[in-house]
Amino acid sequence: MEANTRGTGRLPAAFLTPGSSSFLDFLEAHRPELIPGRQRLPEGVIEAPHGTTIVAAVFDGGVVLAGDRRATMGNVIAQRDMEKVFPADEYSAVGVAGTAGLAIEMVRMFQLELEHYEKIEGAVLSLEGKANRLTAMIRGNLGMAMQGLAVVPMFAGYDVDLGRGRIFTYDVTGGRSEERGFAATGSGSVFARGSMKKLYRDDLTAEQASTMVVQALYDAADDDSATGGPDLARKIFPIVSLITEDGFRRLTEAEVTEIAVSITDQRLTHPNGPQAPLL
């Protein structure tokens, strides 16, 4: 008992006093240098790996969030199997495009932020509240974004209050938009969005939505050199995650492989992918 008392006494009193339910605010007050956007940068041009394309789509009963696996550094492929889609909590997920190192730090900080809130308040933030917390974190990284180290995440989740999936996109200043139906961000987003625009329907099942986002990533890789398509030789395929009323679930490697191989086989005869009717 005495040892425990002495151990606790080593902590500053402020660490033991209940305060804000925001873990980010706590760091701001006591260890601001640990916040990714507050780190000091060296002088000169910085070359850092960048993640590329993230896509999402709402389906009947939830939302799917997916990302390619390629990270680039200038015109060089820095990594072929980067993970860009992560669970934020039980009912939400975040996908990251932009500077890889800062993006991963921001995701970890966001996960801690949501966990801290739940422990302090004894309740889970609403999906809208989670999206707002991510806004503040992106805005805090603005200084680095102005130096070329931007992080542009996409946030998606199942809104337990509304009973449906929702998608939120951001710009480097933290500006937030809720997307209808589907969304894409990153270097290949223009091509991925164009692909989904022709394939999306309101009544998609989870399986159909998963196939659609992999199709979109294939189209993005077809026109954007920074986006990686399915790599059959190395068995590297997109990460695809579903969020429903049952919570977050990442598709297994076997499930994604089956979708990706099927799409790749079809592209041998139809290289431009599925065709939408003219009218």
Side-chain angles (χ1 to χ4, degrees), residues 36 48-57 63-74 76-89 92-112 114 130-131 134 137-138 141 144-145 149-157 167-172 179 182-193 195-196 209-210 212-231 234-243 248-253 255-257 259-260:
H50 281 66
T52 47
T53 308
I54 303 294
V55 295
V63 62
V64 57
L65 184 66
D68 80 306
R69 306 293 295 277
R70 179 173 293 177
T72 60
M73 193 158 55
V76 176
I77 297 175
Q79 187 176 345
R80 300 179 187 273
D81 60 351
M82 179 182 172
E83 296 199 10
K84 307 175 188 176
V85 177
F86 306 90
D89 66 0
S92 63
V94 59
V96 291
T99 307
L102 289 176
I104 301 303
E105 283 192 54
M106 185 176 292
V107 168
R108 289 172 179 166
M109 194 71 70
F110 185 50
Q111 292 168 332
L112 282 172
L114 299 185
K130 297 171 191 175
L134 188 53
M137 298 185 72
I138 298 169
N141 191 59
M144 287 196 172
L149 301 178
V151 177
V152 187
M154 181 186 292
F155 179 65
I167 304 168
F168 299 90
T169 58
Y170 301 83
D171 60 34
V172 294
E179 306 291 342
F182 57 89
T185 191
S187 64
S189 60
V190 173
F191 308 109
R193 189 181 296 112
S195 176
M196 291 189 289
S210 299
M212 185 192 74
V213 295
V214 177
Q215 289 275 20
L217 289 172
Y218 191 109
D219 285 329
D222 202 29
D223 288 295
D224 173 47
S225 62
T227 303
D231 190 334
R234 297 180 178 87
K235 295 181 172 57
I236 299 173
F237 303 106
I239 292 176
V240 182
S241 298
L242 302 174
I243 309 108
F248 173 93
R249 182 175 83 87
R250 174 172 164 173
L251 295 193
T252 66
E253 185 175 340
E255 289 174 311
V256 180
T257 298
I259 295 172

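For this chain, numbers begin at 1 and follow the sequence in order.
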Which distance, rounded to the nearest 0.5 Å, do you find between the CZ of R108 and the CZ of F110? 15.5 Å

Spacing of M106 atom CE and L134 atom CG [to the nearest 0.5 Å]: 7.0 Å

S210 to V64 - nearest heavy-atom pair and separation: OG-CG2, 4.2 Å

Minimum side-chain heavy-atom gap V240-I259 below 4.5 Å: no

What distance do T257 atom OG1 and F237 atom CZ have between them, rounded to the nearest 0.5 Å? 4.5 Å

Between R69 and E83, is any pair of side-chain heavy atoms under 4.5 Å apart? yes

For L217 versus G67, what's the shortest heavy-atom pair and its separation? CD1-C, 3.8 Å

Could you tell me which non-hydrogen atom of A260 sits nearest to which non-hydrogen atom of V214, and how far apart they are? CA-CG1, 4.4 Å

Within 6.0 Å of CD in E253, more than 12 heavy atoms from elsewhere: no

Candidate pair V172 and V152, rule side chain to side chain contact (heavy atoms under 4.5 Å, CB included), full reasoning: CA-CA 6 Å; V172 294; V152 187; 3.9 Å; yes

Do T227 and S187 come within less than 4.5 Å of each other through their side chains, counting heavy atoms only? yes

Flag the pair V151 / I138 as yes when at least one side-chain heavy-atom distance between them is below 4.5 Å, and no otherwise. no

Side chains of F86 and I104: does their closest heavy-atom pair fall under 4.5 Å? yes

Go through the steps to decide whether R234 and D81 satisfy the test salt bridge (charged side-chain N to carboxylate O under 4.0 Å, His left out), and finish with yes or no. CA-CA 10 Å; R234 297 180 178 87; D81 60 351; over 6 Å; no

To the closest 0.5 Å, what do you measure between CG (L114) and NZ (K130)? 6.5 Å

Is any NZ, NE, NH1 or NH2 atom of the basic residue among R193 and E179 found under 4.0 Å from an Asp or Glu carboxylate oxygen of the other? no

Between atom CE of M109 and atom CE of M137, what is the distance when rounded to the nearest 0.5 Å? 5.5 Å

Atom of Y218, atom of P230 and distance for their closest heavy-atom approach: CD1-CD, 3.8 Å

How many angstroms lie between atom OH of Y170 and atom CE of M154, to the nearest 0.5 angstrom? 10.5 Å

Correct closest heavy-atom pair for A156 and I243 would be O-CD1, 4.2 Å

List for me each residue that meets salt bridge (charged side-chain N to carboxylate O under 4.0 Å, His left out) alongside D224, sequence neighbours excluded, and say none if there are none. none

With heavy-atom distances below 4.5 Å as the criterion, would you say the side chains of M196 and V55 are in contact? yes

Residues S225 and R70: closest non-hydrogen pair is O-NH1, 2.8 Å

With a 3.5 Å cut-off and no angle check, do the side chains of T52 and D68 form a donor-acceptor pair? yes

For K84 and P238, indicate whether the former's side chain and the latter's backbone hold a donor-acceptor pair under 3.5 Å. no

